[in-house]
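Reviewing the structure listed below.
Worth saying up front: this structure is predicted, and the values here are computed from it rather than measured. Position 1 is the first residue of the sequence, and the numbers go up from there.
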Amino acid sequence: MDPNYDDGLNGYRLLAEFPDYDLYVNDDNAVIQRFNEGIANSWQEFDLDFAFDQEDMETLKKAIKLYQSSDPIQAEKIKKEIEVEILGEVDE
């Protein structure tokens with residue numbers, strides 16, 4: 001098995017790690033948001049699936065790179081933008 005692939009998600013590779021979830025992607029631009037165990041247990045949240053076209057995937061990848069190279073305060077803002085604007089989650 002390719003070491004870049006997660007055991008529980010066949011055909012997916014890790015795209016980004018955030019404090020409370022990870023994003024995995026496959027070759028068809030399908031993304032899975034997998035919450036960490038603590039959140040999954042307390043919120044009863046499971047994996048969320050997203051399908052992106054090529055343009056949206058490039059936007060997500062650019063945002064992730066920006067997140068990874070930013071200071072902690074800016075990174076938190078970028079993470080929120082990824083969640084709300086790209087993944088389309090409700091901002092609470």
Decide yes or no on side chain to side chain contact (heavy atoms under 4.5 Å, CB included) for Met57 and Leu60, but give the supporting numbers first. CA-CA 5 Å; Met57 181 56 70; Leu60 176 60; 4.3 Å; yes
Applying side chain to side chain contact (heavy atoms under 4.5 Å, CB included) to Ile82 and Leu87, what does each step give before you reach the verdict? CA-CA 6 Å; Ile82 290 170; Leu87 299 177; 4.3 Å; yes
Run Asp22 and Leu14 through side chain to side chain contact (heavy atoms under 4.5 Å, CB included) and show every step you take. CA-CA 7 Å; Asp22 295 332; Leu14 184 64; 3.8 Å; yes
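Shown here for Tyr21 and Phe35, the closest heavy-atom pair between the two residues is CB-CA, 3.8 Å. Taking every heavy atom of both residues into account, Ala30 and Tyr12 meet most closely at O-CE2, 3.5 Å. Contact detail for Ala75 and Ser70: the closest heavy-atom pair is N-CB, 3.8 Å. Closest heavy-atom contact between Lys79 and Tyr67: CB-CE1, 3.9 Å.
Ionic pairing of Arg13 and Asp27 is present here: one or more N-O contacts between side-chain nitrogen and carboxylate oxygen are shorter than 4.0 angstrom. Lys80 and Glu76 are not joined by a salt bridge, as no carboxylate oxygen comes within less than 4.0 angstrom of a charged side-chain nitrogen. Salt bridge Asp49/Arg34: absent, no basic N to carboxylate O contact under 4.0 Å.
The side-chain contact (heavy atoms from CB on, under 4.5 Å) test with Ile64 singles out one residue from Ile86, Leu23, Ile78, and that residue is Leu23.
Interatomic distance, Glu81 CD to Thr59 OG1, rounded to the nearest 0.5 Å: 12.0 Å. The structure places CD1 of Ile73 at 6.0 Å from CG of Asp71, a figure rounded to the nearest 0.5 Å.
In this model, no donor atom of one side chain and acceptor atom of the other lie less than 3.5 Å apart for Gln33 and Asp47.
Between Phe52 and Phe50, the ring planes lie parallel to each other; the angle is under 30°, not in the 30° to 60° tilted range.
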